[in-house]
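Atoms within a ligand are numbered from 1 in the order they appear, just like the ligands themselves. Keep in mind that what you see is a predicted model, and the values were worked out from it rather than measured.
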Amino acid sequence: MRLVSVAVPVPYLDALTYSVPDSIPTLPVIGARVRVPIGTRTVVGCVIGHDATLDAATTPRDLVEVLDEAPFLPPDVVALCRWVAEYYMAGVGDAIMVAMPPGSKRASAYKTQRVISITAHGLSALEEATRKQREVLEILATAPAGLPASDLRDRGVSADVIRRLMTNGLAVARSAPDERDPFERSALQGVVRDATRDLTGEQSAALAILGELADTRAFHVALLHGVTGSGKTEVYLRLADRICAQGRQVLLMVPEIALTPSVAALFRSAFGGRVAIQHSALSDGERHDQWQRIRSGDIQVVVGTRSAVFAPLASPGLIIVDEEHDGSYKQDESPRYHGRDVAIVRAQAAGALVVLGTATPSMETYQNAATGKYTSVSLERRVLDRPLASVRLVNMRDEYAVDGPDVVISRQLTDAIDDRLNRREQVLVLLNRRGYATAVFCRQCGDTFECPNCSVSLTVHRARAGWRARCHYCNYAMQVPKTCRKCAAPYLEHAGFGTERIEQHLKERFPEARIGRVDRDSVRRKGELTRLLTQFGAGELDILVGTQMIAKGHDFPRVTLVGVVSADVGLGLADFRASERTFQLLTQVAGRAGRGEQAGEAIVQTLYPEHYSIQVACRQDYRAFFERELEYRRAMRYPPMVALINTLVRGRTFDEAMDTAAAMVRHLEPAASRVPFVILGPAPAPLGRLRGEHRVQFFLKGTRRAQMREAMKAVLAVMPDVRRRVTVDIDPLNVL
Ligand code: ADP
Ligand code: ZN
């Protein structure tokens with residue numbers, strides 16, 4: 001019997017074994033898509049091996065159809081997916097699905113798409129339409145040329161609503177070829193690479209070392225540790241030139257393209273049509289197109305987010321992971337892979353060079369550089385000898401003492417903003433918390449508004465129809481009433497503040513200034529983020545208020561002041577990476593100031609001016625931070641000193657979750673003393689309830705990651721019925 005292993009798109013499932021019937025003469029190759037039966041339906045899966053075995057008692061089912069003669073996914077990408085599934089304990093189908101282009105579950109090429117546009121009747125009916133329909137019509141009204149149906153679906157619009165709009169004559173559909181230039185709608189235009197400019201001495205030295213590593217055509221990892229504004233992008237570009245000249249390809253990974261469009265744009269300008277950009281603003285059809293172009297060998301450079309690590313490049317010679325410390329490289333659903341770490345595994349198989357670029361390396365990466373596992377290259381100065389921004393700390397306790405406890409923006413920061421506005425320079429104001437207020441409470445009885453599904457308080461947002469309280473985890477929302485639900489007293493108050501409140505405060509204080517806000521709420525509408533960043537870049541806004549989204553690798557030369565409203569937002573969290581994140585955020589946001597001709601300044605408001613991650617961020621002294629933080633990680637036995645596995649168990653009741661977790665821990669105990677490793681917990685997760693489910697977690701801590709993983713696998717093998725309620729996170733970034 002001829003057997004094949006097939007990855008199917010079903011969560012948690014390992015590869016399934018099928019037999020190849022006599023009607024199919026040739027064995028399908030690894031990477032080919034096949035149609036296979038599963039239960040009562042058939043699905044499209046991917047052949048991942050010819051090594052399937054079966055015990056004598058099982059009769060495999062026949063596969064139905066082979067869709068590709070040649071591999072659809074390149075075999076090395078299939079191997080990478082198998083590694084991801086194995087390492088992160090995910091179903092192999094989950095991993096394969098990440099690598100597949102959208103639409104590949106269909107057998108035929110995906111070349112046309114349905115475009116929906118609003119009719120004149122739809123425009124005039126906007127006000128009378130039902131709420132659901134109005135939401136969709138409002139989206140459509142912003143796009144006169146129409147929007148692909150897949151884009152609407154991506155935004156949660158159901159096919160049903162679209163159909164109803166069309167029957168009522170409010171919208172029409174047409175079929176359009178799907179070959180738009182993905183750059184059309186983005187801020188990626190207008191940035192031009194100046195290939196003639198001289199490298200700084202540090203850039204040349206870095207390029208020499210990295211170029212030599214690349215030329216060996218052997219696997220290497222290098223950390224490019226360059227302070228903010230040191231010109232890392234130019235080093236990437238020159239290195240990419242070199243690899244392309246060797247006939248190999250380049251993969252540039254970035255945390256989020258919409259947040260750092262200039263890096264993508266520079267690559268686009270340098271490599272023209274030989275660049276493929278994979279980002280979330282593309283429709284399925286566009287992404288599929290780009291994927292096909294990469295697969296066909298048409299492309300030399302791929303720029304993309306974490307899933308681009310699976311791009312079907314034939315012989316990648318260089319993988320750059322820009323801002324390698326960024327948390328968005330870790331996927332927070334299965335497979336819970338880290339794009340940077342998978343990049344390293346891919347490079348190892350391909351004999352490629354990995355360059356990890358950042359001003360604030362993760363503890364893991366810097367430790368690997370410090371111990372010599374990675375080559376370390378640094379850029380210690382900004383280009384053209386521009387100074388780093390100077391940082392001033394404002395102790396908010398002093399402000400409260402003078403101006404009362406309701407102060408949100410200190411006198412120093414207010415004066416500095418005023419000064420920049422007068423000089424026609426630009427200002428960034430960071431507060432890493434969205435919404436208007438963080439809680440509502442009753443002054444009389446103390447009642448607070450908690451989410452009914454999650455153990456968090458609701459965040460207050462300002463809406464057209466008054467105040468709304470919303471859960472940032474499950475999206476539960478309610479109107480904030482005028483009086484207390486419990487005691488009926490009319491004394492409901494807001495506590496805490498977020499970006500919306502800062503925006504309002506600044507608008508009142510500086511009525512002449514043009515102010516924009518960037519956070520997950522303000523940029524929900526597609527294209528809005530790009531629009532705001534473009535406006536700010538073009539000088540059409542004076543102040544940009546926002547969450548960490550404004551702290552990423554932006555290069556706005558006219559920004560001379562960065563204000564941090566509350567540096568302490570992340571410090572209180574029960575997460576061992578809290579200091580690392582705070583340090584990275586402050587250093588990165590301060591790095592946005594003074595990138596042009598005028599020197600920059602950052603003003604940091606804090607309640608804990610003596611905290612070390614705030615102190616060293618002010619000096620922008622990475623090394624001092626690393627050493628201090630490593631001491632703490634060593635003392636507490638946290639990564640990078642040990643490996644960590646987080647297991648989260650969900651249940652309808654707390655007891656159900658706790659009992660399951662306790663049973664798992666009992667099964668793990670023999671291995672824990674044998675390997676050995678430490679088991680911490682089970683204990684209620686910091687976010688004890690989420691979307692109506694109770695959550696209990698436990699950790700494995702030890703130096704033998706592989707054996708720890710094996711032990712976890714063994715437990716799940718003996719308790720298969722709990723698999724769907726258990727999330728195993730290998731090398732977790734968030735432990736909440
Ligand atoms: P980083 O990513 O290290 O923060 P960028 O790559 O964004 O820094 O570069 C910062 C700024 O310096 C950009 O505006 C870039 O155009 C400019 N720049 C880079 N290299 C040079 C150079 N050799 N000469 C002059 N300007 C440069
Ligand atoms: Zn909730």
For this session: Applying side-chain hydrogen bond (donor to acceptor under 3.5 Å, both in side chains), run through Asn432 and Arg581 and close with a yes or a no.
Result: CA-CA 11 Å; Asn432 202 16; Arg581 287 212 189 92; over 6 Å; no
For this session: Report the angle formed at the Zn ion (ligand 2) by atom SG of Cys451 and atom SG of Cys471, rounding to the nearest 10°.
Result: 110°
For this session: May I have the angle between Cys454 SG and Cys474 SG with its vertex at the Zn ion (ligand 2), rounded to 10°?
Result: 110°
Considering heavy atoms of the protein only, find what lies nearest to [atom] and give residue, atom and distance to 0.1 Å.
| atom | result |
| --- | --- |
| atom 12 (O) of ligand 1 | Val383 CG2, 3.2 Å |
| atom 8 (O) of ligand 1 | Gly231 N, 3.2 Å |
| atom 4 (O) of ligand 1 | Gly229 N, 2.7 Å |
| atom 3 (O) of ligand 1 | Lys232 NZ, 2.9 Å |

Problem set entry | Quiz item: cation-pi between Arg514 and Phe536, 6.0 Å / 45° | no
Exercise. Under the 6.0 Å and 45° cation-pi test, does Arg691 pair with Tyr473?
Worked result: no
Any idea which part of [X] is under 4.0 Å from ligand 1, heavy-atom wise: side chain, backbone, both or neither?
| X | answer |
| --- | --- |
| Gln203 | side chain |
| Leu199 | backbone |
| Thr228 | backbone |

Exercise. Does ligand 1 have an atom under 4.0 Å from some heavy atom of Asp194?
Worked result: no
Exercise. Would you call Gly226 a ligand 1 contact, heavy-atom distance under 4.0 Å?
Worked result: no
Please confirm whether the backbone N or O of [Y] pairs with a side-chain atom of [X], one donor and one acceptor, at under 3.5 Å?
| X | Y | result |
| --- | --- | --- |
| Arg434 | Gly498 | no |
| Arg420 | Thr560 | yes |
| Arg652 | Glu693 | no |
| Arg468 | Val460 | no |
| Glu425 | Leu561 | no |

Counting from 1, what ligand 1 atoms have a heavy atom of [X] closer than 4.0 Å?
| X | value |
| --- | --- |
| Arg595 | 1 (P), 4 (O), 5 (P), 7 (O), 8 (O), 10 (C) |
| Asp198 | 22 (C), 23 (N), 24 (N) |
| Thr233 | 2 (O), 5 (P), 6 (O), 7 (O) |
| Val227 | 3 (O) |

Problem set entry | Nearest heavy atoms of Arg274 and Ala270, plus distance in Å | NH2-O, 4.3 Å
Exercise. Which atom names give the shortest non-hydrogen contact between Leu492 and Pro481, and what distance separates them?
Worked result: CD1-O, 3.3 Å
Problem set entry | Backbone or side-chain N or O of Ser230 under 3.5 Å from ligand 1 N or O | yes
Exercise. Does any N or O atom in Asp555 lie less than 3.5 angstrom from one in ligand 1, N or O only?
Worked result: yes
Exercise. Is there a side-chain contact between Lys552 and Asp326 (heavy atoms, below 4.5 Å)?
Worked result: yes
Exercise. Should the pair His472 and His461 be assigned to parallel (<30°), tilted (30 to 60°) or perpendicular (>60°) ring geometry?
Worked result: tilted
Problem set entry | Nearest-option assignment for atom 24 (N) of ligand 1, heavy atoms, candidates Glu323, Arg197, Arg386 | Arg197
For this session: Please determine if the Zn ion (ligand 2) has an N/O/S atom from His472 lying under 2.8 Å away.
Result: no
